[in-house]
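Note that the coordinates shown come from a computational prediction; the quantities given were computed from them, not determined experimentally. Numbered from 1 within each chain, the chains take letters A, B, ... in sequence-line order.
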Amino acid sequence: MILPLHEQLKARVRTLLAERYDITDPDLSITVECPPNRTLGDLGTPVAFDLARRLRKAPRAIAQEIAAAFGPVPGITRVEAAPNGYLNVFLDRPSFLLARLGLAGTLPALPPRTDKTIVEHTAINPNKAAHIGHLRNSALGDTLVRALRFRGTPVEVQNYIDDTGVQVADVVVGFREFEKIDLAGARQLAATTRFDYYCWDLYARVTEWYAGDKERLKVRAATLHDIEHGVEPTAGLAAFIADTVVRAHLKTMARLNIDYQLLTWEGDILRLKFWARAFEAMKATGAVYLQHEGKHAGCWVMKIDDPDATPSPEDDDPESREKVIVRSNGTAVYVAKDMAYQFWKSGLLGHDFYYRPFATRMNGETLWATTSDTALAASEHPSFGAAAATYNVIDVRQAYLQKLLKQALGAIGHQAEADRLTHFSYEMVALSHATARELGFAPPPDSDEAKRPFVEVSGRKGLGVKADDLIDRVIDKAMSEVDRRQPDLPEAERRRIAEAVGIAAVRYFLIKYSRTKVIAFDIDEALSFEGESGPYLQYAAVRANNIFQKLHDRLGLDEAAMLAPLPSAPPDFLNGSDGDHELWALVLEASRLDDVVEQVVRTLEFAVLAKYGFGLAQMFNAFYHRAQILNEERDDVRRWRAAAVAYFRLQLTRMLDLMGVAVPPRM
RNA sequence: GCGCUCGUAGCUCAACUGGAUAGAGCAUCGGCCUUCGAAGCCGGGGGUCGCAGGUUCGAGUCCUGCCGAGCGCACCA
């Protein structure tokens, strides 16, 4: 872990700037970087560049003055001004490594974080099986949760269930209109088939059915009305479908080590009249007002204060600067429910759900769900909602609505909460043309679709790759690789390994791309276990494990015994006395995990985490080929190498855990 | 029409948010399994960073204008 040293370095530079140049500017930011190679230094800062104009001196001269005045700082052996003006710092290698392995000294701790943070992710309509687009959301969301927890932030993970929307209504229509299946029939079906897959196909058929005759949309409207108002038998059937599909989604996500603490059901928000509360707050603060004129006459509207969010395509008339929140018939629009939900998340609603146990989490704890039924309500439950900060993980197409949410918080007088609401936006997943062709989704040759750079996934059309199908394929492929390499292991063990490898492949694939980039999903790439892939990272960790395993098996040396003498061992080899800094470079790179996590949380760019893990694994693999441990005869060299490998393994394992990936004993 | 995002090697993507010689994977060509596992390692070839200006010690990164692509902008959800 390197961040404590960053802080020490910054503090020292700050003090020097104050002493020598009388610069006490509190917002002067001192950035600490990692120089491109170890001969230049271990940490570096371009601070002299920032001061060059202010001090009317060359950056190099400033860097030299700072270096000369630097003085002793624990953990730092040398400070140097590079010819180009960088101020570079060299660390005390042995004490750095020993402290991080817990063999000597202590690590300075960073202040604890206490602000409760809600992360909402997944939020798949509970009317069909999950597809790869949903997986991107969940993989990013879950990695965010893990990253926040890694740095000590208390997190509450929620999954929002839209059980009362048109998508569920459409499947209900399918069951009743052309399958003629009632609740009892649906139960029967759920007991005997892949219910979420069945709904996937049915949903696509309903979409086609509507397209055949627009009049049929009236059936949807009536169904939606019955669901919202609890009219049986429609409402009961809808509830059953949503419940069953949600449980299927949970199972799918659990395969990837993704789970939740609370399911928030839209139906409960409706029945508990959260919107009425939110509406009162918005009226009271003037955030919404009744429009009397123009095309929005009779509607309650909210002013859009951001001109780039003009909702009307035609022109810039005054009405286009407002968003309708309550229609002239008195019903609230879609985003209104989101506002009520968000007010609750931010602790501003003054009203709470009831809660019921829903399932058991992967760690054995209870997965809770909201309820509006007092008969189901548990008398004791953890407290939910009312967070200091919120992340909503939703794809970029919802950016406009998320902006409205933020504005609503500000408009009711809670700018601080608005500032701490983050829309974690990411681009969608489409299919590469090659994969679309392979799956039988190729668009007609001369169509507009065929000319686009990728083929769009559409749940509505049943066009896409189901999450479980992808996971099955990737695990099957991993299984055949494991069978080849580990024929002596029992089947169940090989299966466990294949699952771990498959998860690594899928999860790495889903976060390796920048979130602003559309993923043109390519099945061959997703199934690849070579090069920049999850299994590559696992493989490096497995190799590191094997070294210690072999040390134990062949020489009877366990890790502790191997490393214990190091505090009194000669440090020359780690210090690069032979001109080789490869070992130290590995240690330093491994230590950067906390720095990377900070960057990732700041920018929400999880591709950076993926690349870091890959680069670290690459560094280890190169080292592994060049340097022996088992057969190394120089005792101190062998022990320092073992120490570096131990630290690398620790850090890479932590990094993989941030992606929900485990390191198998073999693979 | 307005807004957001993207354009970097044959393909898919990076570049620590303005820093040191623009790097990886795949593909391709050539080496390395009697030494801790070849899901690996080493090396070669491959670049007008979409185009044109500008800002400054420094620009793939920032500003402006073009070109190309994607997405969004309802009294839908």
Taking side-chain contact (heavy atoms from CB on, under 4.5 Å) as the test, write out the residues that go with A:Arg485, two or more places apart. A:Glu481
Which protein N or O atoms sit under 3.5 Å from an N or O of nucleotides 55-61 of chain B?
from  : atom 1 : to      : atom 2 : distance (Å)
B:U56 : O3'    : A:Arg53 : NH2    : 3.3
B:C57 : OP1    : A:Arg53 : NH2    : 2.9

Who are the salt bridge (Lys or Arg N to Asp or Glu O under 4.0 Å) partners of A:Asp395, not counting sequence neighbours? A:Arg397
A:Glu525 has a side chain; which of B:U12, B:A15, B:C36 sits nearest to it? B:U12
Check the interface with nucleotides 22-26 of chain B: list each N/O to N/O pair with the protein under 3.5 Å, or write none.
from  : atom 1 : to       : atom 2 : distance (Å)
B:A24 : O3'    : A:Gln618 : NE2    : 3.2
B:G25 : OP1    : A:Gln618 : NE2    : 3.4

How far, in whole Å, is B:U12 from B:C51 if one measures between their C1' atoms? 24 Å
Salt bridge (Lys or Arg N to Asp or Glu O under 4.0 Å) partners for A:Arg151, two or more places apart: A:Glu598
Could you list the residues that satisfy salt bridge (Lys or Arg N to Asp or Glu O under 4.0 Å) with A:Glu449, not counting sequence neighbours? A:Arg452
Protein and nucleotides 8-10 of chain B: nitrogen or oxygen contacts under 3.5 angstrom:
none

Listed by chain and number, what are the side-chain hydrogen bond (donor to acceptor under 3.5 Å, both in side chains) partners of A:Lys550, not counting sequence neighbours? none
Using the test side-chain hydrogen bond (donor to acceptor under 3.5 Å, both in side chains), find all partners of A:Ser591 that sit at least two apart in sequence or belong to another chain. none
Symbol by symbol from the 5' end, with Watson-Crick or G-U pairs under 3.5 Å, [ ] crossing and | another strand, RNA chain B is (((((((..((((.....[...)))).(((((.......))))).....(((((..]....))))))))))))....
Interface with RNA chain B, restricted to residues 549-558 of chain A and to heavy atoms under 4.0 Å: A:Lys550
For A:Arg495, give me all partners under side-chain contact (heavy atoms from CB on, under 4.5 Å), at least two apart in sequence or on another chain. A:Ile475, A:Asp476, A:Met479, A:Glu499
